[in-house]
Amino acid sequence: MDLLLLFKILWRRKFIILAVSLAAAALTYYMVGKQAPVYKSTATLSTGIMNLGMPSVGSNNSYIQPYKIEHSFNNLIELLKSRAIMGLLSNKLAIRDLKSDVAFNKAGKKAVKAKYGDDLSGILNLFETGDIVKEVDIPANSAKGERAAKKADVLKMLGYDYSDINWKFQIIRVPNTDFVDISFESDDAEFSSFAVNNLSDVFIDYYLTTENQDKNSSNRYLDNMVAQRKRDLEEKQNRLKDYKMQNDVINIEIQTKGLSSQIKALEAKRQEEYRKIPSLENTIKNIDKHMDETSAEYSDLQVRNRKIETLRSQIAELDRAFIDGGGKDDALLAKKNRLRRDLEAIVSASATQAAPNVNSNIENLRAQRRQAEIELDIAKSNAQNMDIELAELKANLRSIASKEITFDELQRELQIEKQEYIDVVEKVGRSQVDKDLILGQTQMKVMEYGFPAAYPKNKNRKMMAGFAGLVGLALSSVLMLFFAFIDVAINSPRRFQQFTQMPLLETINKINPKKVDLANLFITNQGGKKLEIFKQQLRKIRHQIENTNKQVFLVSSIQEKEGKTFFILNMAYALSLNNKKVLIIDTNFRNNSLSQIQAGETANYSSENIQLIGENELTQDFVSTGVMYEKNGSGVDTICCQSTNRSPAEVLAGKNFNNLLTNLKTKYDCIFLEGAALNNYADTRELAGFADTIIAVVSADTVINEKSKASLDYLKALDGKFLGAILNKVQLHNLE
């Protein structure tokens, strides 16, 4: 919907909208005038929040402070509205009404007397004793619960329970100030003043008492915390002291540096000892090699000596044998001489070697080897000892590192305990300062008590009535638009095209059929706007029908009672005014309204048409009623049908209806057939073959449903045979 369409919808319903708006304004004006006068009283509290909450010079919380102040005011207002504070006020109101001869709620006091008797001392005792704040949570099945339930019942009758008085209070902070306004409205000026003043008093008493209790409780808690923190601090100090004594911890940093220096020096010495070991092992290997070589020379000398001794022994034996032989055995002599030469040769070869020097070298080498072995053992022993000592030193260093971690942890815990102890002591000091500020300076106080109002509040009847009128105007407008939005009727040419997507031949505005006088309609202009538009629309349709050059027109509809008969009668008459000879054949066998209308208007019969009906064996189904309208040889004739439940195909089966139409075409310029509604019957579909073209009459009140969609699809499928639709019964405002 565009804006223009929305405006048109509202404009057409302007009288309904204005009526609703004026009714709302008048009713509101009357109801406001009937209301009892209302008196308002206001008391002002000074909270002290701004003074206690101001940030100090140089503080880093100046941006947080406004939010904290706002939060404090919100908490204060919620406390003022709480059941505890309202309960204290209700208690005072009940005592005042029960004691006073002139109660604020006279009807409520009478109700209490009626239920609990004239003796109100017992009821007063309920309110003058006990704790109204604590009674809120008392179980109902206990003795105290019964007492609380009885008090609640009395308060309900007096109209002073929480739900009755809480909504009458308005509690707000005065913007950008330290003040809170407490307002109360009622039909009694004294009541309003009493309520705000006593609420202020009971709140301050409750607030200061609760604050004092909270501070005392907080101080006791903080004192206990200080003592506990002190014990924890002493315990941490003792633990650190014991740890230092048990682990010989004097100065971990100096001890660590000393051990590191020792390890560094010892590692250098150990490295030097390890360097000696390969050198000494090589020295021993070289000595062993020289000793092996010297021993080989000594062994050769010994072999030669043994050979010399052997040769000498052999020569001596040969000498003895030669002497014993008398010195005459040449063989022995020759052998002896040979051995003597061998002996001389060996002795000569050994003359350069001195046995004492060989022995001396071997002994020297053995002495050197023993010295090298001793030094090697010493180096290995020193290296092993240094390894052990290094392991001990490193173990001591690791132990010191572990002790350092533990020592640092103990020191850190000690520092934390010291800081927590200091924080708790500071909190105790601040708490005491806050307590002195609240109890000594009394920041929370009543700045201004509420006085009884001299005049009731202005009811603002005109303003309220005007506002109600505007609301009524807005709501009624919205409702009108809503009803227009949910309206699915095809009540305008635009909506017809939107919903049907089929050709629209023309529209006919809605009129009262009983006011249509066809004899005068087309010759005068005295019928009014609606009839004048109706006449012009008929002329437009007549022009289109004449331009089709068709003779047989089947007029049908989507649903029943959409105006087919009314359209046929008026269009037939309009064509007759153009000297057209028109025939109406009622083929709506199920609802022969055309036949009934004609039967009541004329008794003239056309003998020629009756003869044609008889020749085509249709006498039992049709009867001609003669001329309906006639002028200058032109007019409108009718052929009426008999009412039956049979369809046209069944009625005309075996008969020559086509031949009848062929003969009638020679006599008439236009022939109108009427078919039953497409949604309900198959009549139109069966008659479509007899017609040259089809016209659908659709009422603007029609709602397109699934059945209607199927009927529309059938008409659109006829292609050139479907001339178009006539949108009937359209309101004038939907034509503009």
Side-chain angles (χ1 to χ4, degrees), residues 38-46 76-113 115-116 119-138 144 147-171 180-213 442 444-453:
V38 175
Y39 296 88
K40 181 178 180 180
S41 184
T42 302
T44 302
L45 294 183
S46 174
L76 187 69
I77 291 171
E78 288 304 316
L79 181 58
L80 274 163
K81 295 179 180 179
S82 67
R83 287 185 175 272
I85 301 302
M86 291 298 172
L88 292 170
L89 176 61
S90 298
N91 206 62
K92 282 201 168 190
L93 286 169
I95 293 172
R96 191 266 178 200
D97 269 16
L98 293 173
K99 283 185 175 182
S100 177
D101 294 333
V102 182
F104 291 139
N105 190 341
K106 300 178 181 64
K109 187 174 181 180
K110 288 180 181 179
V112 173
K113 286 183 177 181
K115 184 171 183 178
Y116 294 103
D119 186 11
L120 300 179
S121 59
I123 302 298
L124 275 171
N125 185 58
L126 290 175
F127 289 96
E128 291 177 341
T129 60
D131 190 341
I132 187 66
V133 176
K134 294 182 179 178
E135 286 176 355
V136 176
D137 299 323
I138 295 175
K144 291 184 178 180
R147 169 192 175 93
K150 190 173 183 180
K151 290 178 67 174
D153 184 43
V154 173
L155 289 174
K156 190 67 177 176
M157 286 190 287
L158 291 173
Y160 298 147
D161 67 341
Y162 179 79
S163 59
D164 288 327
I165 65 172
N166 181 58
W167 67 273
K168 296 181 180 180
F169 278 99
Q170 184 183 19
I171 304 173
V180 170
D181 280 347
I182 304 173
S183 301
F184 187 84
E185 295 181 357
S186 72
D187 57 359
D188 188 330
E190 294 290 340
F191 181 25
S192 299
S193 176
F194 184 91
V196 294
N197 293 335
N198 280 273
L199 181 66
S200 302
D201 291 338
V202 298
F203 171 72
I204 290 176
D205 292 342
Y206 178 85
Y207 182 81
L208 294 180
T209 301
T210 305
E211 195 70 22
N212 188 22
Q213 291 174 352
T442 317
M444 184 71 67
K445 59 185 177 181
V446 179
M447 289 298 295
E448 182 179 345
Y449 282 100
F451 294 98

message = Does any part of the side chain of Glu185, heavy atoms only, come nearer than 4.5 Å to the side chain of Lys168, both counted from C-beta?
response = no
query = What is the distance from atom CG of Leu93 to atom CG of Asn198, rounded to the nearest 0.5 Å?
reply = 7.0 Å
inquiry  = Given 3.5 Å as the limit, does a donor-acceptor pair link the side chain of Asp97 with the main chain of Asn105, or not?
reply    = yes
query = Quick check: does any side chain N or O of Ser90 sit under 3.5 Å from a backbone N or O of Tyr160, one acting as donor and the other as acceptor?
reply = yes
remark   = Nearest heavy-atom contact between Ile85 and Leu79 is CG1-O, 3.1 Å
ask   = Under 3.5 Å, is there a donor-acceptor pair linking the side chains of Ser186 and Asp188?
value = no
task = Please answer whether the main-chain N or O of Phe451 pairs with a side-chain N or O of Ser41 as donor and acceptor at a distance below 3.5 Å.
result = yes
task = State, with a plain yes or no, whether a side-chain heavy atom of Val154 is found less than 4.5 Å away from one of Lys115.
result = no
Candidate list Thr44, Asp201, Asn197, test side chain to side chain donor-acceptor pair (under 3.5 Å), partner Tyr449, passing option = Asp201
query = Taking atom CZ of Arg96 and atom CZ of Phe191, what is their separation to the nearest 0.5 Å?
reply = 9.5 Å
message = Determine whether a donor-acceptor pair (N or O, by modelled atom type, separation under 3.5 Å) exists between the side chain of Ser46 and the backbone of Met447.
response = no
inquiry  = Looking at every non-hydrogen atom in both residues, tell me the closest pair between Gly159 and Asp164 and how far apart they are.
reply    = O-CB, 3.2 Å
Trp167 CH2 to Lys81 NZ distance, which is reported to the nearest 0.5 Å = 14.0 Å
message = If we ignore hydrogens and angles and just use 3.5 Å, is the side chain of Ser193 paired with the main-chain N or O of Gly450 as donor and acceptor?
response = yes
inquiry  = Assess the residue pair Phe203 and Val180 against the criterion (side chain to side chain contact (heavy atoms under 4.5 Å, CB included)); give the C-alpha distance rounded to whole Å, side-chain angles, the decisive distance to 0.1 Å, and a yes or no.
reply    = CA-CA 12 Å; Phe203 171 72; Val180 170; over 6 Å; no
ask   = Can you name the closest pair of heavy atoms from Lys109 and Ser100 and give their distance?
value = NZ-O, 2.5 Å
request  = Give me the ring orientation class for Phe184 and Phe169: parallel if the planes are under 30° apart, tilted from 30 to 60°, perpendicular past 60°.
outcome  = tilted
Rounded distance (nearest 0.5 Å) linking atom NZ of Lys151 with atom CG of Asp161 = 13.5 Å
Closest non-hydrogen atom pair, Ala453 against Lys40 = CB-O, 3.5 Å
Atom pair CG/CG of Leu158 and Leu98 - distance to nearest 0.5 Å = 5.5 Å
message = Using 0.5 Å steps for rounding, measure from the CG atom of Asp205 to the CG atom of Leu88.
response = 9.0 Å
task = State, yes or no, whether a side-chain contact exists between Ile182 and Thr42 at a heavy-atom distance under 4.5 Å.
result = no
key: Heavy-atom pair with the smallest gap, counting every atom of Ala84 and Tyr206   = CB-OH, 4.3 Å
